[in-house]
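Taking it in order: structure first as structure tokens, then the write-up.
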2 protein chains.
Amino acid sequence: MSDPLRSPALKPRKKPAQLRSAETVACIIEAAARILEERGFAGYTTNAVAEKAGVGVGSLYQYFPGKDALTAALIERETAVLLDDVAEAERAASGAQGLKQLIRAAVAHQMRRPALARLLDFEEQRLPLELEVGRVSFRLEQAIVRLLARMAQESPADPQQAAADMLAICKGMVDAAGQRGETDAASLEGRVARAIFGYLEPLRPGRDAALEA
Amino acid sequence: MSDPLRSPALKPRKKPAQLRSAETVACIIEAAARILEERGFAGYTTNAVAEKAGVGVGSLYQYFPGKDALTAALIERETAVLLDDVAEAERAASGAQGLKQLIRAAVAHQMRRPALARLLDFEEQRLPLELEVGRVSFRLEQAIVRLLARMAQESPADPQQAAADMLAICKGMVDAAGQRGETDAASLEGRVARAIFGYLEPLRPGRDAALEA
DNA sequence: CTATATTGCGAGTTATTACTCGTATTTGAA
DNA sequence: TTCAAATACGAGTAATAACTCGCAATATAG
């Protein structure tokens, strides 16, 4: 409520017109999230977002240069927690444990607002890759690569590819679970872990005859 | 060229005005595919499709009641081969071998036109679930369920959920690979198989300590 | 060839949406 | 209180896209 950013023109000298109301901005972003969740891409219009936020369209365009910028801001907001958790996982645990924690973070992230996560995943790739945020997927991938490097055994030949595959497995499974309305994070985590560690496990003769066929 | 459907009003008695030019229809559907691949959803307009197909918009609307119907037709066309291959896999092989063949079919399907497959996957869920086609995903899932039932060992507790997970793993990995421009189907097949069979493999004590944590 | 029916067409209609701009309101300083 | 700067606003604009409709071209029948 007593947000310092709220009071405009605190120091008129420096930046006369760039001060933003953080509260209003957050409100608009959340409105965008709700619209996307409730109506999908089709209903995701700037007018609808402004109305849901309780502001005029003009205000929206005061804070965001265009619709894509709003979407980018939403992506950034949704992603921030995940990236923090990933950094924490990397710091706290190593090897398989770290991977496990990373899976937990990813599942939690996507379970929080499944529809939204899915739509934003899709949109992230379509957006003009602004150097600002730096692709979320890329950052996640690099975190996995670093974790893999710290796993003595079971380190795959091509860590970059392995990381991309693992990320794809995780995203695919969690998205699908979200669409089916699953809510049991623990169960989902376990299944994702099975797939990912199964993927990592080096082929052993006789482990599964079909794999050698 | 000498398509019997091409000559109109063969029997004016019965159906005076419902004969279609299969050739033109195919042309329009392929144009839709190309537009989607080249310009994504943003450029996917009926006018653009008609132009690429070399017909007037009017003709397009003679063959399809609306844009969604065109999209549905495209989905059906793209899916037909896959569903055939799946049926064939189910007929020819059982258990793990059948699963393996199914993975091969899915990978081949998505590798053929990666961008298109991805977009259509996405669109399939947004379309008003017309009872006509019957969700592709659903049919694939059922095929997997039947295959799982025929696997004596390693049959999971909840086959329906397992099938959904396996489908998600496959879709996720193949989509991601397509986006990265991968073209080596054999390598991708192997990796998908590792994840899926790893997922199926029952937990064994000591298989991976992290899994029990 | 003439008449009739079917198909092909694309300019135009209608609806929607991203975005602007002139005005009203609020804020803060003196 | 008064003034100026900053902010909020939403009706209006321009562009775009789905879809229609009346007419032209073509094919078939007699």
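The chains referred to below are lettered A, B, ... by the order of the sequence lines, with proteins before strands, and numbering in each begins at 1. Remember, predicted model here, so these are calculated numbers, not experimental data.
- With sequence neighbours left out, the salt bridge (Lys or Arg N to Asp or Glu O under 4.0 Å) criterion links A:Asp121 to A:Lys171.
- Scanning for side-chain hydrogen bond (donor to acceptor under 3.5 Å, both in side chains) contacts around A:Arg113 gives A:Glu30, A:Glu37, with sequence neighbours left out.
- Of the residues in residues 49-56 of chain A, those placing a heavy atom less than 4.0 Å from an atom of DNA chain D are A:Val55, A:Gly56, in numerical order.
- Of the side-chain N and O atoms in A:Gln62, one or more sit less than 4.0 angstrom from OP1 or OP2 of D:dA8.
- Distance CD1 (B:Ile28) to P (C:dG10): 13 Å, rounded to an integer number of Å.
- Contacts of B:Ser59 classified as side-chain hydrogen bond (donor to acceptor under 3.5 Å, both in side chains), with partners at least two apart in sequence or in another chain: none.
- Under a 4.0 Å N-O distance rule, the pair A:Arg191/B:Asp158 does not qualify as a salt bridge.
- Applying the side chain to side chain donor-acceptor pair (under 3.5 Å) test to every pair with at least one member in residues 85-94 of chain B, sequence neighbours left out, gives these pairs: B:Glu88-B:Arg91, B:Glu90-B:Arg146.
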Subject >> Contact pattern, 5' to 3', of nucleotides 17-22 of chain C - B, S or - by protein heavy atom under 4.0 Å >> reply: SSBB--
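- For the side-chain hydrogen bond (donor to acceptor under 3.5 Å, both in side chains) test, residues two or more places apart in sequence or in another chain that qualify with B:Glu141 are B:Gln160.
- Checked against side-chain hydrogen bond (donor to acceptor under 3.5 Å, both in side chains), B:Arg180 has the following partners two or more places apart in sequence or in another chain: B:Glu182.
- B:Lys52 is linked by a salt bridge (Lys or Arg N to Asp or Glu O under 4.0 Å) to B:Glu38, counting only residues two or more places apart in sequence or in another chain.
- With rounding to whole Å, B:Leu60 atom CG is found 12 Å from D:dT20 atom P.
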